[in-house]
Structures are given as C-alpha cells and as structure tokens.
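What follows is one structure encoded as structure tokens, with my remarks underneath.
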Amino acid sequence: MPELPEVETVRRGLAPALVGTRLVSVDQRRPDLRFPFPENFVQRLTGRRVDALSRRAKYLLADLDDAQVLVMHLGMSGSFRIEDETPPGNFHYLKAKNAAHDHVAFGLSTGKRIIYNDPRRFGFMQIIARAELSAHPLFRNVGLEPLGNEFDGAALARLFAGKAAPLKAALLDQTLIAGLGNIYVCEALHRAGLSPRRAAGSLVRKNGSPTDHADLLAKVIREVLEEAVEAGGSSLRDHRQTNGALGYFQHCFRVYDREGAPCPREGCGGVIKRIVQSGRSSFFCGTCQK
DNA sequence: CTGTGTTCCTGTTCGC
DNA sequence: TGCGAACAGGAACACA
C-alpha cells in the first residue's frame, strides 16, 4: 500500500504489539523478496528484543537490543497483519486468502504473531548496524522528510533549483523528498494548482528564493499527508491496516484514479485527465493546474 | 550529472 | 464465461 501515510499507519498499528517484546521465532518462508534476505536472517533476529519502531521515508525501522536495526520496505503490495495466537497449520488456515504470499512470520514473546504478506514481492528486509544506518547506501541519499520541521517552500526551492524535470518526477524522486508516491503527488499538485508537467525549476526565483507557488506546494504537501495519516492511509484494493481495518483517505482523492470526473475545485468546470509521465499515471485538471 | 525508460512480480480489471 | 492486454501504491538500474 505504501506511501508515507500508509507506512506511518502500519508503524502505528504495529508498534503497540511489537515494541518491548522479543522475537521468539522467525519463520522465513522463501530466500528472497525483491532482494535476498540478509545472511542468517532468522538467527540474527531470533531472541532479540524490539526497543522501538520508527519510520524514515517509506522504510520501517525496528531497533533491536543488539544495536542492529531491522529495516523493512513494503514495496508496492506489502502489508503486515497481527494475529493474536498461532493459527493451526491446518487446511483452513492454508486456504486463507493470500496465505500463499505470507513470506515472514514473527512470533512474539506475548504470543502474538506479526505476518508479512507481499504478493508482488517488491518489498524487502535488511539488517543494518544502527551506527552505520545513515551512511548505508539505502539511506545515504534519502531526501527530506516532508512532515519534518525543515520542509518548507525555501527547502523546495533549494531542491528544485535548476531542475528541468517535471514537477511530477521531481516530487517522486526519493533523493529529494522522501515519502511521496504517485497518489499523494497527484493530490498535492491539484491542491496547489500546479501542472505535473511544469518544470520543477520554475518554482525557484533567479536568486534562489521560493516563488509563492513553492511555498503553497510545500504547504499542501504537508496538509495532504497529515490528512491521510489521520485517515489511516488509503485502502486501494484490499489493503488494510494491521488490525484489519480499512483506511479511508481514498474517499478524499480529488484527482487520483478519477479520469473523466469533473474537477472538484469550486467553479473550475474542468475534467480530470490522465497522462503518463516516466511510465506512471498522472491525474490532473488541465484547466486549473498550470 | 541529468532525465527517461525498463524491469522485477502477481493479481485485478476491462474490453472483446 | 473465457482470455489476453493493460495496469497497479516503488525504486534500482541501464542508458542517451
């Protein structure tokens, strides 16, 4: 499911069950997801206590009691669910929807189990020493947190200065801003009244300061992400929170997956269009997004 | 260095 | 109803 709001929703769902408990068993059911699991994955995790669960960009970070960090990325289709007790390995369980894509099961000292499911297997897990995290290739080039204190129009201007790439591509670039994905980029650009095709550098003045559009864009990015986190993320298809509940931000989409619908902006009268930019769908209103 | 296209994988939806 | 094509929340990688 995972853009920043969905990953944050997962973090909030997992933390109460996971933090403070020990991993008494780790059931790794295949050698790889997008990448191979790290060497001795099961042995390195079994017996460890989880001291904290945080998020950086679209990564979940479980701090372990041996100064290592279990890094988890959900890819396109990854999800976690919590089960209160070990289900019997019987016919009914095995026939359960999607059980074929349950790739990892963490048994906790509380008796609960946390199961990672990922049909497309674009997700991955890694174990990294905490001290090496920020220098690690996965994180060395990760961009600004859009909900962080430093994120504003001036920061956007610094990131976008001189960029000819379209706003859509620049906002999806995780080395610039970390956590936005296709949905929330589309939504933020509509709220800001900016075309996804517009050059990112056009939001920067010659002296490097932000235009009013840059200030507005930074503001609506923060807004749309905060609203989505508040709503428990977006549930497309059958994606669910860790407790099985559906997020409901998808009902708040103004443009994403709404090709042909009237533009929701008051008095605009335009129609939502779909175009493809660098292989991904962009939904926007050609009338009010310039 | 910058920007764009391809690729990994499975499941769902849509048009015929 | 069946069947192939298009498409899906990400991002590493190859290449111009």
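All values derive from a computational prediction rather than experimental measurement.
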Less than 4.5 Å apart, side chain to side chain, heavy atoms only: is that true for A:K112 and A:D84? yes
Below 4.0 Å: OP1/OP2 of C:dA11 and any side-chain N or O of A:R280: no
Is it true that a side-chain atom of A:E6 and a backbone atom of A:S234 form a donor plus acceptor pair closer than 3.5 Å? yes
Below 4.5 Å, heavy atoms only, C-beta onward: do A:L4 and A:Y184 meet side chain to side chain? no
Quick one: are A:V255 and A:E187 in side-chain contact, heavy atoms under 4.5 Å? yes
Would you tell me if any nitrogen or oxygen in the side chain of A:H101 comes within less than 4.0 Å of OP1 or OP2 on B:dG11? yes
Could I get a table of every N or O pair under 3.5 Å where one atom is in the protein and the other is in nucleotides 2-6 of chain B?
| unit_1 | atom_1 | unit_2 | atom_2 | d |
| --- | --- | --- | --- | --- |
| B:dG3 | OP1 | A:A164 | N | 2.8 |
| B:dG3 | OP1 | A:A165 | N | 3.2 |

What integer number of Å spans the P atoms of B:dT6 and C:dA6? 14 Å
Taking only Lys NZ, Arg NE, NH1 and NH2, and the carboxylate oxygens of Asp or Glu, determine whether A:D66 and A:R44 approach each other closer than 4.0 Å. no
In whole Å, measure the gap between the P atoms of B:dG5 and C:dC7 for me. 15 Å
In Å, rounded to the nearest 0.5 Å, how long is the span from CD of A:E150 to CD of A:E145? 9.0 Å
Between the base of B:dC9 and the side chain of A:R120, is there a donor-acceptor distance below 3.5 Å? yes
Do any N or O atoms of the protein come closer than 3.5 Å to N or O atoms of nucleotides 12-15 of chain C, and which pairs are they?
| unit_1 | atom_1 | unit_2 | atom_2 | d |
| --- | --- | --- | --- | --- |
| C:dA12 | O4' | A:R34 | NH2 | 3.1 |

A:F122-C:dA11 aromatic stacking (under 5.5 Å, under 30°): no
Length of the line joining A:D118:CG and B:dC8:P, which is rounded to integer Å: 17 Å
In terms of the angle between their ring planes, are A:F37 and A:F41 parallel, tilted or perpendicular, with boundaries placed at 30° and 60°? tilted
Is A:I272 close to A:C263 at the side-chain level, that is, under 4.5 Å between some pair of heavy atoms? yes
Give me the distance, rounded to whole Å, that separates C:dA12 from B:dG11 when you measure between the P atoms they each carry. 24 Å
Does A:D65 come within less than 4.0 Å of A:R22, counting only side-chain N to carboxylate O? yes
Against the side chain of A:H73, the closest entry in C:dA11, C:dG9, B:dT10 is C:dA11
Return no unless some side-chain N or O of A:K58 is found under 4.0 Å from OP1 or OP2 of C:dG10. yes
Hey, is the side chain of A:S281 poking within less than 4.0 Å of OP1 or OP2 on C:dA8, counting only N and O atoms? yes
Check the surroundings of atom CD in A:E230: do more than 12 heavy atoms from other residues, nucleotides or ligands lie under 6.0 Å from it? no
Centroid separation A:F139 to A:Y59 less than 6.0 Å: yes
Intra- and inter-strand pairing of DNA chain B, written as dot-bracket with Watson-Crick and G-U pairs under 3.5 Å and | for the latter, reads .|||||||.|||||||
